[in-house]
Amino acid sequence: MHEHDLDLIAALADGSGSDEPLARSLVETCPTCRAEYEAQRNVIGWLRAAPTPVMTDLERAELYRAVRSGLGPARTPAPGAPWWQRMGYVAAGVLVVAGLFGVLQNVGMTGGGEDAAATGTTAAAERAGTGAPAEGIPFVAQDSEAAAPSTTAAASEEALGAADGGSSPPFAALAEEARSTRSDLDPPTAEQRDCITRAGLEGDVVVREVEEAGTEYLVVMPEDASAEDTVVFVQLPDCRIVHEEG
Amino acid sequence: VTVSGSEAELLARVVTGDRQAFESVMRSHEDRVFSVCLRILGDRERALDATQDTFLTVFRKARQFEGRSAVGTWIYRIAVNTCYDQLRKTQRRPTERLPEHVDPSDPGAEQAIESAGLRPEIEKALATLSPDFRDVVVLSDLEGLPLPEVAEVLGVPVGTVKSRLFRGRRLLAQRIGNQNTP
């Protein structure tokens, strides 16, 4: 039996063959071909009957936590972000540009045309890159850092998903209410638990559902947490964290 | 191969840093990526690490997706490459599979491990296959991907996939037969 025949028989076994009559005749007339056919059929049967591995709830939560951690803070507001979040980015950008302009003025490179400015920027960048003291660079860094809190805050809000426009629900009041009624909260249903897992939160949580301005949220708290601990709001139905309070 | 319009659009949003779009993409493919990684690496913890690395790569390289294949195909290609990167880094072959660890704080762990298990003789035989053969068997027979998609994931012609698949199965049959021979 040739290798070509083996391929024909293997293709017959999994239904991908193009010359079925020839393959069938080989199986019927050649004992080696029949053995090959049976072996292939057995292996296909064993493999295709194997169950698909699934992640456990904890594994899935760990995956989401690790991926979110690996991505770091978000840097760009979503297209639907409210204007004040966008303005935060614009303001941060303006501060950085203003700072850079100040650097160039300090090192006497403004007014020298685009080439000079470009050279100065490159030189400053090179100094910064080599670790040599770069006059004016700390100023930029300070400005950037000064702008960072608003940028980070905006990014954080976006990362938490509060970027749908419109007014925010009264998260603080809802969180306070949830904390004060912790002992009355029901354990999550299977559906809620799945949603919480998808949001990357721990399995053991206390939960309730609230509706604000037509949007439903899960209010999630660690079951054994102190009253000061964070209350997390998970928006339904897409199970994404939109706000953390506390 | 047709490009999934909605998924391609989501990936385009990922390029802009849209985390919600990224999570949608991740949700659609995380189970299969984990499954592929577990079949290749043979260990849940390493499979979870590889799944995590796969999606971080998806986020960072979303810009490189050209739309010539389905988003899923592109992601599975990253997953397979990530698994082999991990194997190379640890210098550990799948034949040295670690025993599955059951986390006592994870109530579903034991059941998940048991329900996902191949028959031991098949798993053992699968681990002895060379990566070329194992990849096609995992993607085609275990994950059920059509041959043209397997070819795209691995970047080889369909004929090569068929050939490797047939030979991979043949080797599995021989090795399982040998294991069963006293």
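A, B, ... follow the sequence lines: proteins, then strands. Residue 1 opens every chain. Excluded from the calculations below are hydrogen atoms, water molecules and symmetry mates; all remaining heavy atoms, backbone and side chain alike, are included.
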Chemist: For the pair B/Ile176 and A/Trp46, evaluate side chain to side chain contact (heavy atoms under 4.5 Å, CB included) and give the outcome as yes or no after the intermediate values.
Modeler: CA-CA 11 Å; B/Ile176 291 167; A/Trp46 293 330; 3.6 Å; yes

Chemist: Taking the side chain as every heavy atom from C-beta outward, state whether A/Tyr64 and B/Glu23 have any atom pair closer than 4.5 Å.
Modeler: yes

Chemist: Do the side chains of A/Val67 and B/Phe59 get nearer than 4.5 Å, heavy atoms only?
Modeler: no

Chemist: Check A/Thr52 against B/Arg39 and note the closest heavy-atom contact, atom names and distance.
Modeler: CA-NH2, 4.4 Å

Chemist: Evaluate side chain to side chain contact (heavy atoms under 4.5 Å, CB included) for A/Arg60 paired with B/Asp31, printing each intermediate quantity in order.
Modeler: CA-CA 9 Å; A/Arg60 199 180 301 276; B/Asp31 286 323; 3.0 Å; yes

Chemist: Would a 4.5 Å heavy-atom cut-off, applied to side chains only, mark A/Asp14 and B/Leu165 as touching?
Modeler: yes

Chemist: If you compare all heavy atoms of A/Gly70 against all heavy atoms of B/Arg60, which two are closest, and at what distance to 0.1 Å?
Modeler: O-NH2, 3.0 Å

Chemist: Under 4.5 Å heavy-atom distance to chain B, tell me which part of A/Ala11 shows up: side chain, backbone, both or neither.
Modeler: both

Chemist: For the residue pair B/Arg19 and A/Gly72, what are the closest heavy atoms and their distance?
Modeler: NH2-O, 2.8 Å

Chemist: Please give me the minimum heavy-atom distance between A/Glu59 and B/Phe34, naming the atom from each residue.
Modeler: OE1-CZ, 4.2 Å

Chemist: Do A/Leu47 and B/Leu172 have side-chain heavy atoms sitting under 4.5 Å apart?
Modeler: yes

Chemist: Minimum heavy-atom separation for B/Glu30 to A/Met55, with atom names?
Modeler: O-CE, 3.8 Å

Chemist: So which part of B/Arg27 gets closer than 4.5 Å to some heavy atom of chain A, the side chain, the backbone, both or neither?
Modeler: both

